[in-house]
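A short write-up of the structure that comes next.
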Amino acid sequence: MTGQVRTVDGRVAGRRGQATRQKLLDCLSEMLSSSPYRDVKVIDVARRAGTSPATFYQYFPDVEGAVLEIAETMAKEGAGLTELVAGRSWVGKAGRQTAEDLVEGFLTFWRKNDAILRVVDLGAAEGDKRFYKIRMKILNSVNNSLADAIKDLQSRGKVDKDTNAAAVAGSLVAMLASVAGHQKGFQSWGVKQSELKPSLALLVHLGVTGKKPAK
């Protein structure tokens, strides 16, 4: 853990304090995977971490405050999604690979962080600006790079100059986020992950280039 970690009242936490704080966050993350966000109580998180509610309140004002800490950490990891698009080619077979890598990376990130992302989506949908900003930080990591890729293709005459790069990129990212959050639902439709990924990559490639990917 880098930097100084402080308690709610501003004191710098020592090594043991930092370890306790992280254990509380880890236990909360586990609980979010199996319990509805609204049902998670401070006393349950503290008990699972082997400590007391009083200790929890030394580090976080409430469960929501701790959830925001987890979400912020996830958003920082999400910034790495930019690498799936930035500087990558969308021409020929390389373009097909870029689309496939983007889909694979995006779906994997969403599965890994499914529990906290559900809470972020809920908070954003309810108008909480803190959760909204976190959600947009994650989506922008892909959206901005996709828009730049489309603009680059336009500058080289490979995509119609009248295409609105920002609108297309935003639509594709919204689609990716919606599909990523509905991965389990596809199974009820009889769609396997192995079938979903190439279909989604096809749509992404079509959206960016206006063409079917090269075989």
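All residue numbers in this chain count up from 1 along the given sequence. These numbers come from the heavy atoms of this one structure, side chains and all, not from hydrogens, waters or symmetry mates.
Note: Leu200 CG to Leu172 CG = 9.0 Å, rounded to the nearest 0.5 Å. Atom OG1 of residue Thr51 and atom CZ of residue Phe56 lie 10.5 Å apart, to the nearest 0.5 angstrom. In this structure, the separation between NE2 on His205 and NZ on Lys212 is 11.5 Å, given to the nearest 0.5 Å. Between Arg88 atom CZ and Leu102 atom CG the span is 9.0 Å, to the nearest 0.5 Å. Taken from OG1 in Thr55 to CZ in Phe60, the straight-line distance is 11.5 Å, to the nearest 0.5 Å. Taking CE from Met136 and NZ from Lys129, the interatomic distance works out to 14.0 Å, rounded to the nearest 0.5 Å.
The side chain to side chain contact (heavy atoms under 4.5 Å, CB included) test with Leu32 singles out one residue from Val119, Val45, Val63, Leu117, and that residue is Val119.
Under a 3.5 Å cut-off, the side chain of Gln22 and the backbone N or O of Ala19 do not form any donor-acceptor pair. Put simply, the side chain of Asn113 gets close to the backbone of Phe109: a donor and an acceptor are under 3.5 Å apart. Under a 3.5 Å cut-off, the side chain of Ser33 and the backbone N or O of Ala115 do not form any donor-acceptor pair. Looking only at distances, no side-chain donor or acceptor of Asn140 sits under 3.5 Å from a matching main-chain atom of Asn143. The main-chain N or O of Arg16 is found under 3.5 Å from a side-chain atom of Thr20 such that the two form a donor-acceptor pair. Looking only at distances, a side-chain donor or acceptor of Thr82 sits under 3.5 Å from a matching main-chain atom of Ser141. Using a distance-only test at 3.5 Å, with no hydrogens or angles considered, no donor-acceptor pair links the side chain of Gln187 to the main chain of Lys192. Looking at Ser188, its side chain does come within 3.5 Å of a backbone N or O of Gly185 through a donor-acceptor pair. A donor-acceptor contact shorter than 3.5 Å links the side chain of Arg96 to the backbone of Ala214.
A pairwise comparison of heavy atoms in Ala180 and Trp110 identifies CB-CG, 3.4 Å as the closest pair. Considering all non-hydrogen atoms of both residues, Pro53 and Ala46 come closest at N-CB, 3.6 Å. Closest non-hydrogen pair, Leu139 versus Ala177, comes out as CD2-CB, 4.0 Å. Closest non-hydrogen pair, Ala49 versus Cys27, comes out as CA-SG, 3.6 Å. Here the shortest heavy-atom pairing between Ala71 and Ile134 reads CB-CD1, 3.6 Å. Among all heavy-atom pairs drawn from Ala75 and Ile138, the shortest one is CA-CG1, 4.0 Å.
Salt bridge Asp44/Arg48: absent, no basic N to carboxylate O contact under 4.0 Å. Using a cut-off of 4.0 Å between Lys/Arg side-chain N and Asp/Glu carboxylate O, Glu104 and Lys197 are scored as salt-bridged.
Side-chain contact between Asp39 and Met31 is absent, with no heavy atoms from C-beta onward closer than 4.5 Å. A 4.5 Å side-chain heavy-atom check between Val168 and Val208 finds every atom pair outside the cut-off. Side-chain contact check for Leu84 versus Val142: every heavy-atom pair is 4.5 Å or farther apart. Residues Ser155 and Asp152 meet the side-chain proximity criterion, which asks for heavy atoms closer than 4.5 Å. With contacts defined as side-chain heavy-atom distances shorter than 4.5 Å, the pair Val67/Ile116 qualifies. Two residues are said to be in side-chain contact when any heavy atoms from C-beta on lie closer than 4.5 Å; Lys158 and Thr209 fail this criterion. Counting heavy atoms from C-beta outward, Leu146 and Trp90 have side chains that approach closer than 4.5 Å. Between Phe186 and Val179 the shortest side-chain heavy-atom distance falls below 4.5 Å.
Grouped by direct or indirect side-chain proximity (heavy atoms under 4.5 Å, Ile/Leu/Val/Met/Phe/Trp/Tyr only), Leu206 sits with Leu202.
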Exercise. Hey, mind stepping through Leu68 and Phe131 against side-chain contact (heavy atoms from CB on, under 4.5 Å) and telling me if it holds?
Worked result: CA-CA 8 Å; Leu68 282 165; Phe131 286 112; 3.6 Å; yes
Problem set entry | Stepwise side-chain contact (heavy atoms from CB on, under 4.5 Å) test for Asp62 and Val42 | CA-CA 7 Å; Asp62 46 34; Val42 168; 5.5 Å; no
For this session: Would you please test Lys23 and Asp26 for salt bridge (Lys or Arg N to Asp or Glu O under 4.0 Å) and show each step?
Result: CA-CA 5 Å; Lys23 188 171 184 180; Asp26 292 342; over 6 Å; no
For this session: Would you sort out whether Glu69 and Leu28 count as a side-chain contact (heavy atoms from CB on, under 4.5 Å), showing the intermediate values?
Result: CA-CA 11 Å; Glu69 286 273 348; Leu28 174 56; over 6 Å; no
Exercise. Which is it for Met74 and Lys112 under the side-chain contact (heavy atoms from CB on, under 4.5 Å) test, yes or no, and what are the steps along the way?
Worked result: CA-CA 10 Å; Met74 173 203 61; Lys112 176 186 174 185; over 6 Å; no
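Around atom OH of Tyr132, no more than 12 heavy atoms belonging to other residues, nucleotides or ligands sit under 6.0 Å away. In Gln193, the CD atom is crowded: over 12 heavy atoms of neighbouring residues, nucleotides or ligands sit closer than 6.0 Å.
By the criterion of side-chain heavy atoms lying less than 4.5 angstrom apart, applied directly or through intervening Ile, Leu, Val, Met, Phe, Trp or Tyr residues, Trp189 is grouped together with Leu196 in one hydrophobic cluster.
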